[in-house]
Each structure stands twice: as structure tokens, then as C-alpha cells.
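Start at 1 with the first residue, then count along the sequence. Being a predicted model, the structure only gives us computed values, none of them experimental.
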Amino acid sequence: MVVASATQRLLGALFEYDDLGTHELKGIAEPVQMFRVVREGDTESRYEAKRVGGRLPLVGRQEEL
């Protein structure tokens, strides 16, 4: 399966990807960065897979922290 960079960002670490570079697609003005889905990622959960950099920013949550 091949996905565009926007979809790859949404999926996060749910899967591992091969970077296929940019490609010109019919009907789309700008070249699109494409990724091939290789396999399922090693994350424990979907929540963990979508976290970028390991921590989510918490604003106004000092009590919880």
C-alpha cells in the first residue's frame, strides 16, 4: 500500500514505511511525498503510535502532572 505524507503523519508509528520520494500525480499541482507501508509498527497501542516525540503537550495541567 502506498500513502501520501499527510496520511503517513496521521497514521504515525502504527506502521513502518519506506520513503518513495516525491512523485508528480495526475490532477495534483505539486509533487507529493509518497511512502510504502512495509509492516505494522512495534507500538503497544494506537494512542502511543500517534504521540510525536514521546510526550503530548499539556497546557494548564500542572495539577495532573
Common cluster, F35/V32, ILVMFWY with side-chain heavy-atom separation under 4.5 Å: no
Taking all non-hydrogen atoms of both residues into account, name the closest pair between M34 and D19 and its distance. O-OD1, 3.7 Å
Sequence neighbours left out, what passes side-chain contact (heavy atoms from CB on, under 4.5 Å) with E40? Give chain and number order. none
Just wondering, do Y17 and L11 contact through their side chains at under 4.5 Å, heavy atoms? yes
Only counting residues at least two apart or in another chain, list the ones meeting side-chain hydrogen bond (donor to acceptor under 3.5 Å, both in side chains) with E16. R39
Do I28 and L20 share a hydrophobic cluster, counting only Ile, Leu, Val, Met, Phe, Trp and Tyr and linking them when any side-chain heavy atoms are less than 4.5 Å apart? yes
